[in-house]
Amino acid sequence: MLRIRRFDERASKMVKRGQIPGTVHTSIGQEAQVVGACMALGDSDYMSGNHRSHGHPIGKGAPLGPLMAELVGKSGGVCGGKGGSLHLADFAVGSLGESGIVGSSIPIAVGAGLSSKVLDNGRVSLAFFGDGAANQGCLYEGMNISGVWKLPVIFLCENNQYALSTPAHTVTSGVIADRAAGFGMPGVRVENGQDVLAVFDAVATAVQRARAGEGPSLVEVVTYRFNEHSEGLKLGVDYRDTDEKADWLAKDPIVLFRAVLIERGVATAEEMDALEADVLREVDEAFAFTNDSPYPDPSVAFDDLYTDSKFAVHTWNDQSTFGTLENVR
Amino acid sequence: MTVMSYLGAIGAAQKEAMLADDRVVIIGEDVEANVYGTTGGAGKSRASEGDFLQQFGRNRIRNTPISEEVIVGAAVGAAMTGLRPIVDLSYSSFLYMAMDQFVNQAAKNRYMFGGQASVPVVFRSAMFYGLSTGAHHSDRPYPMFMNVPGLKIVTPAYPSDAKGLLRTAVDSDDPVLIFEACVLWGSKEEVDENEYKIPFGVGRSVRTGTDATVIAVSGAVPEAVAAADTLAKEGISVEVFDPRTLVPLDVEGILTAAAKTGRVVVADPAHRTCGAAAEISALVSEHVFDSLRAPVRRITTPDIQIPFSPALEKQLYPNRIAIADAVRASLGVIAPDAAGANGAAGNGGRGGSVATPGADREELATGSAR
């Protein structure tokens with residue numbers, strides 16, 4: 001949780017300093033939900049993410065340097081600068097990528113569940129999506145087919161209660177978790193999504209069920225984002241109530257869990273301070289890695305479109321592509 | 001060699017691919033029951049020997065709900081994690097329901113994740129045009145997918161190509177969309193029953209000629225050959241070239257065929273604007289303009305939706321009459337039997353390939369709508 005928090009705080013700063021182009025969506029305030037879910041997964045399990053998704057690969061154990069370099073568009077980025085903040089992916093930790101299209105990565109996680117089932121490799125697949133995506137048709141197509149085929153898939157709704165400025169209750173009929181019943185699968189709502197252990201318990205139950213071949217589950221986690229929808233966004237309307245914000249800020253998952261760990265004697269305050277210092281150092285190192293990484297050579301824009309680079313592409317205006325065509329004339 | 005139908009060749013290729021690699025699965029609506037005739041033994045019914053479901057089981061032959069978006073997206077996700085799915089989307093018009101997954105996932109994932117993902121998945125669909133299936137089932141949508149970098153687009157016109165190109169498609173680590181024309185389903189050809197693969201980006205010279213070149217796509221290919229037969233009787237020698245795959249496109253093959261005669265007609269059953277014919281015509285004009293002896297002519301379906309009535313529909317697609325007329329126009333000659341009435345220049349300002357009514361039209365024309 002700390003790694004995600006400090007990473008996103010640094011990213012936010014970098015946006016303000018103009019060091020990151022494009023848009024950045026932080027998950028500050030939602031770390032318990034991200035980490036609780038990721039901790040319930042094994043190293044070889046799969047997941048797919050959404051636009052608010054720096055935390056997902058971090059939660060799955062991805063190193064920070066290539067993630068940060070990707071935010072800036074450097075060659076050392078985890079996608080070589082082709083993806084950016086909206087499309088982080090680290091296949092080495094099972095992160096199959098994030099989608100800038102709301103809900104669009106849900107079928108990808110369903111497909112990973114299908115391959116696990118057909119290849120019988122015991123892997124579980126988890127789709128992260130927000131309350132906004134809960135109203136996309138692909139979620140229900142995905143839940144239905146996963147239920148029919150008993151795929152090891154977990155549908156995890158990160159309900160931070162706002163789709164940009166739109167309150168979930170104004171666009172979403174009923175309770176999202178209840179929709180699971182229509183597909184014959186368990187649906188649980190974690191009301192206190194700021195409690196990492198509560199999230200872990202719910203997702204671990206779903207993972208156990210998936211591994212046992214009993215099929216998919218829907219887990220809805222109620223949480224809150226502390227920052228604006230995206231960094232630097234200044235809306236003219238105050239769509240979130242001041243008291244509501246204050247209530248949720250008081251439920252900072254990192255503060256809450258630190259207290260739990262100290263109270264239970266898992267760690268002392270000094271040890272926690274040392275941990276925080278370690279994480280800050282790690283983020284500094286990621287920043288240094290990012291700084292040291294060069295921008296990609298413009299020529300690599302044509303790599304990776306197809307597995308065979310010669311297919312990219314006859315329409316490019318480089319006439320030398322047609323050098324052999326002199327013979328045609 | 002054995003005589004196979006277009007549909008039987010697809011079934012044979014699917015069976016070969018299933019036998020060659022356990023990671024190949026077939027996913028789609030009604031694939032268990034072999035409704036479209038490509039998952040049965042020799043294209044026959046469930047009861048026949050070698051039926052796919054009997055042979056490969058439900059783990060690898062997967063009947064789906066009618067949910068195109070998740071079928072396509074899940075196939076992409078499965079391909080990214082170890083399977084090599086063949087997806088049967090039956091009608092090409094159904095691809096629209098899954099546009100997000102085709103465009104934002106299938107086509108982009110490898111690129112935007114910096115090469116971490118490969119997406120070895122084949123999407124098959126049939127274009128039911130010309131069969132009075134109405135506007136919702138008659139689309140020929142390959143040009144809009146040609147506009148999406150990252151996809152490979154295949155349009156086989158003959159059974160042997162359907163088999164060899166499908167085998168190559170299954171081997172491809174990139175997403176491949178195969179558009180099969182229903183008007184070709186029943187066509188037959190001698191096909192090698194042993195395994196063979198046809199490389200992408202290599203066109204087929206269907207017929208050689210010296211006076212004019214017809215570059216034809218999918219269902220327009222046999223029409224172009226028929227036009228060439230007619231024109232041969234008039235002493236006009238026509239080269240017919242089928243690119244077979246539209247992405248990658250055999251640019252060199254197309255330009256060579258075009259430059260050979262300097263008179264070029266492009267025939268393509270898709271809509272005209274920004275279509276395959278538009279792209280091929282532009283390439284010819286761009287690169288071998290100085291070899292051209294007449295303007296490039298396009299014979300396409302006009303930019304209108306497909307009407308139900310055969311009296312309305314039949315005239316819309318590129319056919320042998322329109323193609324022959326365009327070749328004659330390119331050569332500046334008039335059809336021997338045209339008597340000028342139908343206009344050798346073909347389509348005039350109509351923007352499409354509205355064909356001259358043929359003899360068979362008269363049989364349908366009792367109580368003519370006109």
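Proteins come first, then strands; the chains are lettered A, B, ... in the order of their sequence lines, and each starts at number 1.
Chain B forms more heavy-atom pairs under 4.5 Å with one residue of A:Gly84, A:Ser99, A:Ala89, A:Gly113 than with any other, namely A:Ala89. Contact tally against chain B (heavy-atom pairs below 4.5 Å) for A:Gly142, A:Gly81, A:Ala112: the top residue is A:Ala112. When the candidates B:Ala75, B:Gly82, B:Pro149, B:Ala282 are compared by the number of heavy-atom contacts under 4.5 Å with chain A, B:Pro149 comes out ahead. Of all the listed residues (A:Leu96, A:Leu88, A:Leu139, A:Leu86), the one sharing the greatest number of non-hydrogen pairs under 4.5 Å with chain B is A:Leu96. Of all the listed residues (B:Val76, B:Val25, B:Leu151), the one sharing the greatest number of non-hydrogen pairs under 4.5 Å with chain A is B:Leu151. Of all the listed residues (A:Ser146, A:Gly97, A:Gly80), the one sharing the greatest number of non-hydrogen pairs under 4.5 Å with chain B is A:Gly97. Chain A forms more heavy-atom pairs under 4.5 Å with one residue of B:Arg110, B:Lys108, B:Lys260 than with any other, namely B:Arg110.
For A:Ala127, no part lies near chain B; criterion is any non-hydrogen pair under 4.5 Å. Only the backbone of B:Asn63 has a heavy atom closer than 4.5 Å to any heavy atom of chain A. Using a 4.5 Å cut-off between heavy atoms, A:Glu70 does not touch chain B at all. Heavy atoms closer than 4.5 Å to chain A are found in both the backbone and the side chain of B:Glu69. Both the backbone and the side chain of B:Asp173 come within contact range of chain A, judged by heavy atoms closer than 4.5 Å. Heavy-atom distances place no part of A:Val148 under 4.5 Å from chain B, backbone and side chain included. Heavy atoms closer than 4.5 Å to chain A are found nowhere in B:Asp22, neither backbone nor side chain. At a 4.5 Å heavy-atom cutoff, A:Tyr140 makes no contact with chain B through either its backbone or its side chain. Heavy atoms closer than 4.5 Å to chain A are found in the side chain of B:Ile27, but not in its backbone. Contact of A:Ile101 with chain B is made through the side chain alone, with heavy-atom distances under 4.5 Å. Contact of B:Gln116 with chain A is made through backbone and side chain together, with heavy-atom distances under 4.5 Å. Heavy-atom distances place both the backbone and the side chain of A:Asp90 under 4.5 Å from chain B.
Side-chain atoms of A:Ile108 and B:Gln101, non-hydrogen and from C-beta on, do get closer than 4.5 Å to each other. The closest side-chain heavy-atom distance from B:Phe113 to A:His87 is below 4.5 Å. In this structure, the side chains of A:Asp308 and B:Phe200 stay at 4.5 Å or more apart for every pair of heavy atoms. Within the 4.5 Å cutoff, the side chain of B:Val70 has no heavy atoms near those of the A:Cys138 side chain.
Atom CG of B:Asn147 has 12 or fewer neighbouring heavy atoms from other residues, nucleotides or ligands inside a 6.0 Å radius. The environment of A:Asp297 atom CG is dense: over 12 non-hydrogen atoms of other residues, nucleotides or ligands sit within 6.0 angstrom.
Under the 3.5 Å distance criterion, the side-chain polar atoms of B:Tyr111 are matched with a main-chain donor or acceptor of A:Ala301.
The structure places CZ of B:Arg62 at 9.0 Å from CD1 of A:Ile145, a figure rounded to the nearest 0.5 Å. Taken from CG in B:Asn59 to CG in A:Leu114, the straight-line distance is 8.5 Å, to the nearest 0.5 Å. A:Ser48 contributes atom OG, which lies 10.0 Å from atom CG of B:Asn109 (distance to the nearest 0.5 angstrom). For the atom pair CD (A:Glu141) and OG1 (B:Thr64), the distance works out to 9.5 Å, reported to the nearest 0.5 Å.
Closest approach of B:Ala78 to A:Ser115, counting heavy atoms only: O-CB, 3.9 Å. Residues A:Ser104 and B:Gln105 approach most closely at OG-NE2, 2.7 Å, considering heavy atoms.
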Verdict with reasoning, A:Phe91 to B:Thr81, per side-chain contact (heavy atoms from CB on, under 4.5 Å): CA-CA 10 Å; A:Phe91 279 52; B:Thr81 55; over 6 Å; no

